[in-house]
There are 2 protein chains.
Amino acid sequence: MANVARLQEADIEKIYLCPLFKGIETSTLAAIIKKPYTKVTECEDDTVVYKAGQKLSQMVLVLSGELGLVNTNFRRESSIVEVFDSGELFGSEYVLATDNHLTYDVCALEDSKILSIDYGKLLADADFVKIAGVISNNLLQFHVAHARALQAHIYHLAQPTTREKLLAYLTDESKKAGSNTFHIRYDRQELADYLAVERSAMCAELSRMQKDNLLTYRKNDFTLKKK
Amino acid sequence: MANVARLQEADIEKIYLCPLFKGIETSTLAAIIKKPYTKVTECEDDTVVYKAGQKLSQMVLVLSGELGLVNTNFRRESSIVEVFDSGELFGSEYVLATDNHLTYDVCALEDSKILSIDYGKLLADADFVKIAGVISNNLLQFHVAHARALQAHIYHLAQPTTREKLLAYLTDESKKAGSNTFHIRYDRQELADYLAVERSAMCAELSRMQKDNLLTYRKNDFTLKKK
DNA sequence: AGACAGATGTTGGTTTTCCAACAAGAAGAG
DNA sequence: CTCTTCTTGTTGGAAAACCAACATCTGTCT
């Protein structure tokens with residue numbers, strides 16, 4: 001399924017930018033990458049990288065391509081739980097937990113390249129005693145920020161109608177930007193996926209909302225109108 | 001809004017059980033509770049405990065009653081983002097973040113009693129240097145477990161139909177229990193809230209699923225039928 | 001400029017959910 | 001036991017979302 005691969009310039013960049021390694025010297029990072037418990041792997045499109053049920057002891061940084069958590073229900077129907085794009089970190093919620101068994105398959109959704117690091121071995125490595133605290137703290141920061149994003153996502157998804165989903169999401173984005181006028185990072189299809197609605201129905205709802213004088217928009221720039 | 005109050009027997013129990021304090025001696029806990037940066041407060045039903053926009057430097061344990069995060073959108077309509085029941089911990093995702101401004105109001109949804117601890121002052125307290133690492137690690141554990149619960153919740157909510165929401169949730173519960181037969185902790189109204197659907201419509205869908213021979217249930221005990 | 005691809009917007013018929021009201025069943029108190 | 005209350009289940013009309021198909025817009029390439 002997977003072959004050991006070499007790092008490209010762009011891959012190194014991704015590693016430096018990963019929040020897990022914030023505040024860590026590039027020379028130290030370079031040393032970590034060379035350790036035997038750190039591996040670079042290429043994963044072919046549509047293959048299982050880690051199987052549901054197995055213990056996960058590695059943290060995984062997606063260098064290129066796309067991984068996904070894939071659930072299979074009791075009728076053997078599969079669906080995607082979460083997508084990890086290039087640059088995103090996955091696995092720390094398993095590695096650190098008392099129960100580190102994967103609940104879903106981890107699959108390559110495209111031809112992908114990943115960096116995997118055995119967290120236990122990294123922490124135990126005498127060469128990196130000094131940075132263990134930094135990494136552990138980075139992880140806490142990461143999860144805290146992530147928790148707030150997930151919490152907000154749940155709130156947006158829990159709205160009963162498409163209009164309310166959009167308003168909940170856009171209100172939060174407006175608050176983040178500190179202005180009634182703001183830019184969103186999703187295109188229409190991505191926004192529809194995020195809110196778990198049909199793209200075309202969502203477009204239609206946006207039109208109606210504009211007609212109802214709730215907001216104006218052009219591409220990814222929105223303005224909410226005050227009452 | 002809030003009066004300083006005394007701790008009851010039941011409150012102390014809640015504090016001992018809080019995952020934040022796992023592995024910490026009861027004598028140490030008793031000392032923490034007496035510190036001036038630790039406060040017990042009674043909050044009247046339907047009052048704002050912490051206002052959106054303010055910085056939150058306390059972690060809050062709900063001793064009795066119920067707190068809620070309340071969002072107000074740009075049209076000044078309010079709705080509940082998340083509920084914190086008795087025994088649940090709130091605030092660490094703000095306290096630890098680089099930006100610790102509250103994005104929502106924190107309100108008492110019932111007459112409630114809370115324990116609030118200033119995390120920065122606790123960590124800085126010379127009396128508790130030895131347990132700082134334990135608490136920090138407990139927090140990481142807590143957030144990691146929470147992240148998986150939130151992730152699963154998002155997956156359940158993102159299903160397009162009531163039937164699929166139910167199947168996603170029930171399949172996960174079945175996997176957790178390690179059996180096709182299992183017990184769920186929600187009653188029908190709570191399950192409907194969790195999945196963001198109408199209770200009555202959900203009941204009807206459960207009936208249809210039973211008729212379609214997908215599962216059987218009686219009260220909170222479910223059995224999924226294999227294909 | 002013209003051709004093309006990809007993103008965004010529009011529409012109408014079908015399916016699903018909501019909603020409100022009521023029925024049936026279970027649990028507890030007097 | 002009956003009465004009460006709470007939870008769960010059922011139903012039909014109204015509202016919303018889905019879906020597929022098509023129209024329009026925008027940016028890019030040659």
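In the text below, chain A, chain B and the rest are named by the order of the sequence lines, each starting its count at 1. Heavy atoms only: backbone and side chains are in, while hydrogens, waters and symmetry mates are out.
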Colleague: Report the distance from atom CG of B:Asn220 to atom C1' of C:dA27, rounded to the nearest whole Å.
Modeller: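 From B:Asn220 CG to C:dA27 C1': 14 Å.
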Colleague: Whole angstroms only, please: what is the NZ-P distance between A:Lys165 and C:dT17?
Modeller: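 Going from NZ in A:Lys165 over to P in C:dT17 covers 12 Å.
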Colleague: Is it true that a side-chain atom of B:Ser112 and a backbone atom of B:Glu66 form a donor plus acceptor pair closer than 3.5 Å?
Modeller: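 Yes.
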Colleague: For nucleotides 11-26 of chain D, give me one character per nucleotide, 5' to 3': B if any protein heavy atom sits under 4.0 Å from the base, S if the only such contacts are to the sugar-phosphate, - if neither.
Modeller: B----SSSBB------
Colleague: Starting at CD of B:Gln159 and ending at P of C:dT16, how long is that distance when rounded to a whole Å?
Modeller: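 After rounding, the reported distance stands at 15 Å.
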Colleague: What integer distance in Å separates B:Met209:CE from C:dT16:P?
Modeller: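 Spelled out: CE on B:Met209 to P on C:dT16 is 14 Å.
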Colleague: Tell me which nucleotide among C:dG9, D:dG9, D:dT8 gets nearest to the side chain of B:Tyr217.
Modeller: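 Closest nucleotide among those given: D:dG9.
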Colleague: In the structure I gave you, are the side-chain heavy atoms of B:Glu44 and B:Asp111 within less than 4.5 Å of one another anywhere?
Modeller: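 The answer is yes; the side chains approach within 4.5 Å.
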Colleague: Closer than 3.5 angstrom, by distance alone: can the side chain of B:Asp99 be matched with the main-chain N or O of B:His101 as a donor-acceptor pair?
Modeller: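 At least one qualifying donor-acceptor pair exists.
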Colleague: Any side-chain heavy-atom pair from A:Asn180 and A:Leu215 closer than 4.5 angstrom?
Modeller: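 The answer is no, as the side chains (C-beta and beyond) never meet within the 4.5 Å cut-off.
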Colleague: Quiz question: by atom type and distance under 3.5 Å, do the side chains of A:Thr223 and A:Thr181 form a donor-acceptor pair?
Modeller: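 Judged by distance alone, the side chains do pair up.
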Colleague: Hey, are the side chains of A:Asp11 and A:Val40 touching, using non-hydrogen atoms and a 4.5 Å cut-off?
Modeller: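 With C-beta onward as the side chain, the pair stays apart.
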Colleague: Within this structure, what is the CG-to-C1' distance between B:Asp221 and D:dT8, rounded to whole angstrom?
Modeller: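 The answer, rounded to whole Å, is 15 Å.
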Colleague: Angle between ring planes, A:Tyr94 versus A:Phe90, binned at 30° and 60°: parallel, tilted or perpendicular?
Modeller: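 Taking A:Phe90 first and then A:Tyr94, their aromatic rings sit tilted (interplane angle of 30° to 60°).
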Colleague: Is the shortest side-chain heavy-atom distance between A:Ile184 and A:Tyr169 below 4.5 Å?
Modeller: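 Yes, side chains in contact.
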Colleague: Nearest 0.5 Å please: distance from the CG atom of B:Leu206 over to the CZ atom of B:Arg163.
Modeller: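 B:Leu206 atom CG to B:Arg163 atom CZ measures 9.5 Å (nearest 0.5 Å).
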Colleague: Could you list by number each residue of residues 179-191 of chain A showing a heavy-atom separation from DNA chain D of less than 4.0 Å, or answer none if no residue does?
Modeller: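 Result for residues 179-191 of chain A: none.
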Colleague: Figure out the CG/P separation between A:Leu215 and C:dG9, and round it to whole Å.
Modeller: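 Nearest whole value for this atom pair: 11 Å.
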Colleague: Can you tell me the distance, in whole Å, between the CG atom of A:Asp193 and the C1' atom of C:dT8?
Modeller: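 Those two atoms, CG and C1', are 15 Å apart.
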